[in-house]
Structure formats: structure tokens, C-alpha cells
Protein chains: 2
Amino acid sequence: MKTYPDELAKVRLAVDVVVFTYDEDKLKVLLIRRQQAPYAGRPALPGGFLWAAETTAEAAARILHDKAGVTGVFTEQLFTFDAPKRDPRGRVVSVTYYALVPSAELRLEPGIASQAPALHAVDDSGKLAFDHSSIVDYAAERLRSKLAYTNAAYSLLPERFTFSQLQQLYEVVLDRSLDKRNFRKKYLSLGLIEPTKEQLSGGRHRPAQLYRFVTRRPIELPAPAF
Amino acid sequence: MKTYPDELAKVRLAVDVVVFTYDEDKLKVLLIRRQQAPYAGRPALPGGFLWAAETTAEAAARILHDKAGVTGVFTEQLFTFDAPKRDPRGRVVSVTYYALVPSAELRLEPGIASQAPALHAVDDSGKLAFDHSSIVDYAAERLRSKLAYTNAAYSLLPERFTFSQLQQLYEVVLDRSLDKRNFRKKYLSLGLIEPTKEQLSGGRHRPAQLYRFVTRRPIELPAPAF
DNA sequence: ACAAAAGTGTTGTTACTACACCCATGG
DNA sequence: CCATGGGTGTAGTAACAACACTTTTGT
């Protein structure tokens, strides 16, 4: 049995952000390419060390601003990863966040240190630096449940969207196909969205009704409960 | 716009644990009494600084062992609290955990520095040191949803228990009353528990069938889904 | 005999699943 | 006129909510 610490941990605190977007009918993550060792050349999550004057949430907002060019998007703390050997340089504990960004709002800043932030399909992002692959997996799982019991979808879609787009988003994130009629019925009954007066024409097919979210702020749906 | 950090944050990492137990038909939390400033005399969560050789999960296990006398109980990372002024002594980021312990397994160690670890009803624990009141609230909220879609109740009940005990636990945690027949029907249909051959007699009333959880490891129930 | 908790079914309502055809448009 | 995605209804089934009385024991 341990009684006294060898010493208190001298850790550095990092903040990493999983930036999800929905683009070309795929769920994508924003990844940068690491320039230095360790894991030079590997794709990695945008992140960095915590500054003295900021909270981790502020650090996440800063990273979102610098690497994705967005502010005020849906952001939530995900998990704190602290395996002792997750960073070969020493003890780094990472407080992770995930964010949802409509692809139209993303401004990938290619200038930054040629880290080349770019979108990668979540299913096909290869092996990432550090434990970032597990972080992305964990975030994707969290996203699945978020979509199921909140209106978080508003954060991944343009302001106005068709029912098909909404359904495809759910199909991609939940990774299974859904019945069109049942999905419409159920989603409309949630009262989260309303039809606009506009329609989307241009396809060589019948124009689609455009919908919008009634409120573009996080709403929790009442849980099924006991 | 910030461009460079004044300096990287020199933070200390703490681990605090919300130890829940179900005792005397109430949901309770384990609290110690702080001996030193800040907040001397105030009740607080058991916790401490992270040691060099351990992960935060190991630190949580250590705290559980030292303050509650238990090992191997249900423990899960809760949230990382990092408001800059949460600790007046300086920048302390706390990675919090919550744990579920059957009251019979708790061994409150009164010897330890007269911190007097003791159980307090969650609804009535007064104002705690630091931001620990918010941490307890957040943990209670998490516990509510855990009970709703996992078998986590096994971690708060003795190995064998009556249906009434189970229902009371749910009523206390969810903070509303449930219909006896509907609760039995639904809970039995989940297949999480099975009747034992024993009954509990002794009350001045009909003896109650004793049940046990089929598996005393975490199980997720399939979500309602879209 | 009585107090106290254990145990048990039915009915109406609501949500879920599965399933197939016509519509409006652009080319 | 045809290819493309948009849009709609119904019927069977399963889950949920509401509700009251009988049983077994100890005192």
C-alpha cells in the first residue's frame, strides 16, 4: 500500500478539439498534419497547451478560431485523457472537447505553419498521432447519442435544409438507414423544426421543402424515463 | 486577438471523487471536513493532488480506498472542472470521478487526520468547499441517467434485495414516485435481475422475494433509437 | 383482527415498424 | 418521356400509463 507520493505529478495540460462537420454526405473531422516529432507527418487533432490566463473551454474556443476560423459554435467537453505514456515527451494530460460546425462556416487557414488543417472522413482518417484515434472514436460515439436526444443537428446543417439532408445526416452518424416516412413523422412530432416558405429547386426532380430549426440553441429532449 | 501566450499555464491537477451510496432510503454522498484553509471546517469532497506515477483513475481508486475503504467499485470519470478561481490558492484543475458503493461495503476511516469522512444526504449537504456543490449536483444528474439506461443500480444495492428496495432506489434518485406494477413489469422485462430462492421475512407483513442482478458488471441497455 | 408491505392484470392510448405508390421537375 | 429524388398513409404490434384489490405475515 502506498502511503506517500514520490512526488506530485508535474503534468502539462493540453486541450485537443474534435471538430466535426458534415460535408459531401459524410461525417468529417478536422485534422492537422504534425510538423515535428513525435509523430511528425501524422495527422492529429488540432490542440495545444493550456495558457495561464484561460480556461480549457476558452482554449478550445481559441483553437476553433485559429484552426477552423469559427466562433460561437456548439462545443462540449468530451473527456480527459491521461494515460501516462500517451505523449512520449512526458506527462501530458489532455482535456478534450468536441465541436459541431456546419461546413459552410469552416474557414480552413492553410497559412498556419503549413499544418494544413483539412477535413478527413471519420471512417477513413487512418492512424492518428498520440491517442487521437481513440479520442475521435469516443467523440463520434458521443455525437451519436447527442443527435438522438437533442437538437444538436442544427449545428451540422445549414440554416435551411431539406428533410433528405436531415435524414442523411442521421443515417451517416447513426450508421444505419432509416425509413423515410417514419423519420419524417417522428422528427416533425419533436417540434424542433418548422417549414420555411421556401423550396429548393434545381435538381432534376420535384423541389424540396426547406425546413429550419425553431431554435438554434441546445435543447434536450425529454428522456423516455421509467 | 491573442497571438502568443503570456506563459503556459502552471496548473496543479487534483482528483476529486463523488462517492454515492444508498442508505436509509436516501441517496448520500461521502464528505470530509476540511481541516485547513481555505474553507476550513467546510464539508468537501474527498480528493487530492495527482501523484507522478498514477493516472487520474488510479488516483480516484486510491482516494476510494483511503477514505471509503473500498476497492473495485463502479467508478467513472465525471467532468474536468477548471474555473480559474475555483481554488483561491492558485490554478487547480480538478478531474472528477463518481463512484457507486453499497452502504454495507463502506468503511469510513475515522482515524484519518480527523477529517471525519461521513455520509450526507445529497439534498441536504449544505454548502461545500470550493465548487464541490456544483460537482455533486452534476454527479447526481449523471447518476439519474445512468440508472435509466444501465444496470448501475447493482452498485448501490446489496447483493440480494427486494423489489421494493429497488423501486425505492429509483424513486429517490429520479425524485418521483413510480407505479409498483408498471415498474415490476418493465424492470423484469429488462432481464437484468433474477429471483433467488430466498425470501426476506421479519417485517410484520408478507415476506418479500429476494432478487439479484444477473451480472454485477456494467451493462448498457439498448437505446430507444430513431 | 388488524396493520403493513407484497404481489398481481386489464384496458385504453400512444409510439413503433414495415411497407409502395404518385408527384413535380429538369433534361 | 423518363430519370430523379420529394412526398404521403395505413395496419399490425409493442410499449406505456392508469388504476385496486387480495395475500401473507407479525403483533
Side-chain angles (χ1 to χ4, degrees), chain A residues 22 24-26 145 147-149 153 157-158 160-172 174-212 220-226, chain B residues 22 24-26 145 147-149 153 157-158 160-172 174-212 220-226:
Chain A
Y22 177 60
E24 295 173 330
D25 299 340
K26 285 184 177 159
S145 56
L147 279 198
Y149 68 91
L157 290 173
R160 280 171 263 156
F161 53 89
T162 68
F163 234 114
S164 303
Q165 290 176 283
L166 180 65
Q167 181 172 344
Q168 274 177 46
L169 168 61
Y170 272 80
E171 291 183 334
V172 165
L174 303 181
D175 195 29
R176 66 203 169 83
S177 61
L178 302 168
D179 179 85
K180 189 163 46 153
R181 282 165 290 188
N182 294 340
F183 181 79
R184 285 179 103 90
K185 212 182 315 169
K186 169 134 188 218
Y187 212 93
L188 282 173
S189 79
L190 298 178
L192 298 175
I193 62 174
E194 60 189 6
T196 66
K197 283 166 190 154
E198 288 140 286
Q199 296 193 323
L200 179 67
S201 25
R204 43 190 289 189
H205 53 78
R206 178 173 173 179
Q209 178 63 243
L210 286 169
Y211 290 81
R212 81 171 130 236
E220 299 246 332
L221 301 175
F226 260 85
Chain B
Y22 178 61
E24 296 173 329
D25 299 341
K26 285 186 178 158
S145 56
L147 280 199
Y149 68 92
L157 290 172
R160 281 171 264 158
F161 53 88
T162 68
F163 233 115
S164 303
Q165 289 176 282
L166 180 65
Q167 181 172 344
Q168 273 177 45
L169 168 61
Y170 272 80
E171 291 184 333
V172 164
L174 302 182
D175 195 29
R176 66 203 169 85
S177 61
L178 302 169
D179 180 85
K180 188 160 49 153
R181 283 164 291 186
N182 293 341
F183 181 79
R184 285 177 103 91
K185 215 181 314 170
K186 168 134 189 219
Y187 212 93
L188 283 172
S189 80
L190 299 178
L192 297 175
I193 61 174
E194 61 189 6
T196 66
K197 284 166 190 152
E198 289 140 285
Q199 295 193 322
L200 180 66
S201 25
R204 43 189 288 191
H205 55 77
R206 180 172 172 178
Q209 178 63 243
L210 287 169
Y211 290 81
R212 80 170 131 236
E220 299 246 331
L221 301 175
F226 259 84

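Below, chain A is the first sequence line, B the second, and so on; all start at residue 1.
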Under the side chain to side chain contact (heavy atoms under 4.5 Å, CB included) test, residues paired with A:Lys186 that sit two or more places apart: B:Phe226
Residue list, side chain to side chain contact (heavy atoms under 4.5 Å, CB included) with B:Asn182, at least two apart or on another chain: B:Asp179, B:Lys185
Nearest-Å distance for atom pair CZ/C1', residues A:Phe183 and C:dC19: 18 Å
What's touching nucleotides 9-17 of chain C from the protein side, N or O pairs under 3.5 Å?
{"from": "C:dT10", "atom 1": "O4", "to": "B:Lys185", "atom 2": "NZ", "distance (Å)": "3.1"}

Atom pairs, protein N/O to nucleotides 23-27 of chain C N/O, distance under 3.5 Å:
{"from": "C:dC23", "atom 1": "O4'", "to": "A:Arg206", "atom 2": "NH1", "distance (Å)": "3.4"}
{"from": "C:dA24", "atom 1": "N3", "to": "A:Arg206", "atom 2": "N", "distance (Å)": "3.0"}
{"from": "C:dT25", "atom 1": "O2", "to": "A:Arg204", "atom 2": "O", "distance (Å)": "3.2"}
{"from": "C:dT25", "atom 1": "O2", "to": "A:His205", "atom 2": "N", "distance (Å)": "3.1"}

Side-chain donor-acceptor pairs of residues 163-172 of chain A under 3.5 Å, sequence neighbours excluded:
{"from": "A:Gln165", "atom 1": "OE1", "to": "A:Thr162", "atom 2": "N", "distance (Å)": "2.7"}
{"from": "A:Gln165", "atom 1": "OE1", "to": "A:Thr162", "atom 2": "OG1", "distance (Å)": "3.4"}
{"from": "A:Gln167", "atom 1": "NE2", "to": "A:Glu171", "atom 2": "OE2", "distance (Å)": "3.2"}
{"from": "A:Gln167", "atom 1": "NE2", "to": "A:Leu178", "atom 2": "O", "distance (Å)": "2.9"}
{"from": "A:Tyr170", "atom 1": "OH", "to": "A:Leu147", "atom 2": "O", "distance (Å)": "3.0"}
{"from": "A:Tyr170", "atom 1": "OH", "to": "A:Tyr187", "atom 2": "OH", "distance (Å)": "3.2"}
{"from": "A:Glu171", "atom 1": "OE2", "to": "A:Leu178", "atom 2": "N", "distance (Å)": "2.8"}

Separation of atom CZ in A:Arg184 from atom P in D:dT10, rounded to whole Å: 17 Å
Spacing between A:Lys180 atom NZ and C:dA18 atom C1', to the nearest angstrom: 15 Å
N or O in side chain of B:Ser164 less than 4.0 angstrom from C:dA6 OP1/OP2: yes
Atom-pair distance (CG on B:Leu166; P on C:dA6), nearest Å: 12 Å
Nearest-angstrom distance from the residue atom OH of B:Tyr187 to C1' of D:dA15: 18 Å
Residues 190-199 of chain B side chain polar contacts: donor-acceptor under 3.5 Å, at least two apart:
{"from": "B:Glu194", "atom 1": "OE2", "to": "B:Arg212", "atom 2": "NE", "distance (Å)": "3.1"}
{"from": "B:Thr196", "atom 1": "OG1", "to": "B:Glu198", "atom 2": "N", "distance (Å)": "3.2"}
{"from": "B:Thr196", "atom 1": "OG1", "to": "B:Leu210", "atom 2": "O", "distance (Å)": "2.9"}
{"from": "B:Glu198", "atom 1": "OE1", "to": "B:Arg160", "atom 2": "NH1", "distance (Å)": "3.0"}
{"from": "B:Glu198", "atom 1": "OE2", "to": "B:Arg160", "atom 2": "NH1", "distance (Å)": "2.3"}

